[in-house]
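Down below is the structure, laid out as structure tokens.
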Amino acid sequence: MIVRKAALSDIPAVAALERAEFPDGADEGMLTRLWETDGGVILAAGERDAFLGYVWARFVLDEGEIGNIAVAPEQRRRGVGAALLGALFAESERRGAAVLRLEVRGSNLAARRLYEKNGFETVGKRKNYYEKPTEDAILMSKFFQKEAE
């Protein structure tokens with residue numbers, strides 16, 4: 001498996017998986033604009049000719065925020081999500097990020113376990129943040145550098 005910065009030609013596959021997993025997620029146009037900005041990053045995981053998954057994030061100053069991460073259903077439980085996170089951590093450190101943040105559905109226990117295993121801490125909750133169904137968002141952060149006290 002190879003994780004790399006997505007090429008412009010990867011955007012249709014990223015958008016298709018994004019829409020399959022997150023009906024209100026980013027469309028191809030938004031992902032293309034993100035790909036074109038300095039603050040945006042899209043990483044793609046692949047193997048031979050198979051597209052396995054992606055993660056996209058935005059960076060502003062020393063903070064990063066994961067927009068979405070998804071693995072193709074037939075590729076799950078093979079370490080693809082962890083590999084994508086590892087590559088995003090390296091990119092975060094390269095950019096000098098002190099923290100990487102995300103929101104996850106409270107009921108998405110598999111994702112929450114993945115994040116916890118990879119150093120994210122629960123830092124809060126947004127009541128009724130998600131719709132269809134209505135659900136709280138769990139706020140999680142991974143800290144790369146602790147601020148000086």
Exercise. Which word best sums up how the rings of F120 and F89 line up, parallel for under 30°, tilted for 30 to 60°, or perpendicular for over 60°?
Worked result: tilted
For this session: Answer whether the closest heavy-atom distance between the side chains of Y115 and K142 falls below 4.5 Å.
Result: no
Exercise. Side chains of I69 and Y54: does their closest heavy-atom pair fall under 4.5 Å?
Worked result: no
For this session: Check for a donor-acceptor pair, side chain of N118 on one end and backbone N or O of L114 on the other, with a separation under 3.5 Å.
Result: yes
Sidechain N-carboxylate O distance under 4.0 Å for [X], [Y]:
{"X": "R101", "Y": "E65", "answer": "no"}
{"X": "E63", "Y": "R95", "answer": "no"}
{"X": "R76", "Y": "E21", "answer": "yes"}
{"X": "E28", "Y": "R19", "answer": "no"}

Problem set entry | L61 atom CG: more than 12 heavy-atom contacts under 6.0 Å | no
For this session: Take atom CD of E36 as the centre, draw a 6.0 Å sphere, and report whether it contains more than 12 heavy atoms from other residues, nucleotides or ligands.
Result: yes
Exercise. Do N68 and E18 meet the criterion of a side-chain donor-acceptor pair at a distance under 3.5 Å?
Worked result: yes
Give me the atom names and distance for the closest heavy-atom approach of [X] to [Y].
{"X": "E116", "Y": "T122", "result": "OE2-OG1, 4.4 Å"}
{"X": "L88", "Y": "A57", "result": "CD1-CB, 4.1 Å"}
{"X": "V99", "Y": "S141", "result": "CG2-CB, 3.8 Å"}
{"X": "W35", "Y": "A6", "result": "NE1-O, 2.7 Å"}
{"X": "L17", "Y": "G53", "result": "CD2-CA, 4.0 Å"}
{"X": "G40", "Y": "L34", "result": "CA-CD1, 3.5 Å"}

Can you get from [X] to [Y] by hopping between Ile, Leu, Val, Met, Phe, Trp and Tyr side chains that sit under 4.5 Å apart?
{"X": "V104", "Y": "L85", "result": "yes"}
{"X": "M140", "Y": "V55", "result": "yes"}
{"X": "V14", "Y": "V41", "result": "no"}
{"X": "F51", "Y": "L8", "result": "yes"}
{"X": "F59", "Y": "L102", "result": "yes"}

Exercise. Passes salt bridge (Lys or Arg N to Asp or Glu O under 4.0 Å), K5 versus D10? Steps please.
Worked result: CA-CA 10 Å; K5 284 191 177 181; D10 293 316; over 6 Å; no
Nearest-0.5 Å distance, [atom1] of residue [X] to [atom2] of residue [Y]:
{"X": "D62", "Y": "S92", "atom1": "CG", "atom2": "OG", "value": "11.0 Å"}
{"X": "K117", "Y": "R112", "atom1": "NZ", "atom2": "CZ", "value": "15.0 Å"}
{"X": "I138", "Y": "Y129", "atom1": "CD1", "atom2": "OH", "value": "12.5 Å"}
{"X": "L100", "Y": "E93", "atom1": "CG", "atom2": "CD", "value": "10.0 Å"}
{"X": "N128", "Y": "E135", "atom1": "CG", "atom2": "CD", "value": "9.5 Å"}
{"X": "L84", "Y": "L52", "atom1": "CG", "atom2": "CG", "value": "8.5 Å"}

For this session: Output, in order, the C-alpha distance, side-chain angles, deciding distance and verdict of salt bridge (Lys or Arg N to Asp or Glu O under 4.0 Å) for E91 and R94.
Result: CA-CA 5 Å; E91 178 68 14; R94 186 188 73 72; 2.8 Å; yes
For this session: I would like to know whether I2 and E47 meet side chain to side chain contact (heavy atoms under 4.5 Å, CB included); could you show each step before the answer?
Result: CA-CA 6 Å; I2 296 172; E47 182 173 79; over 6 Å; no
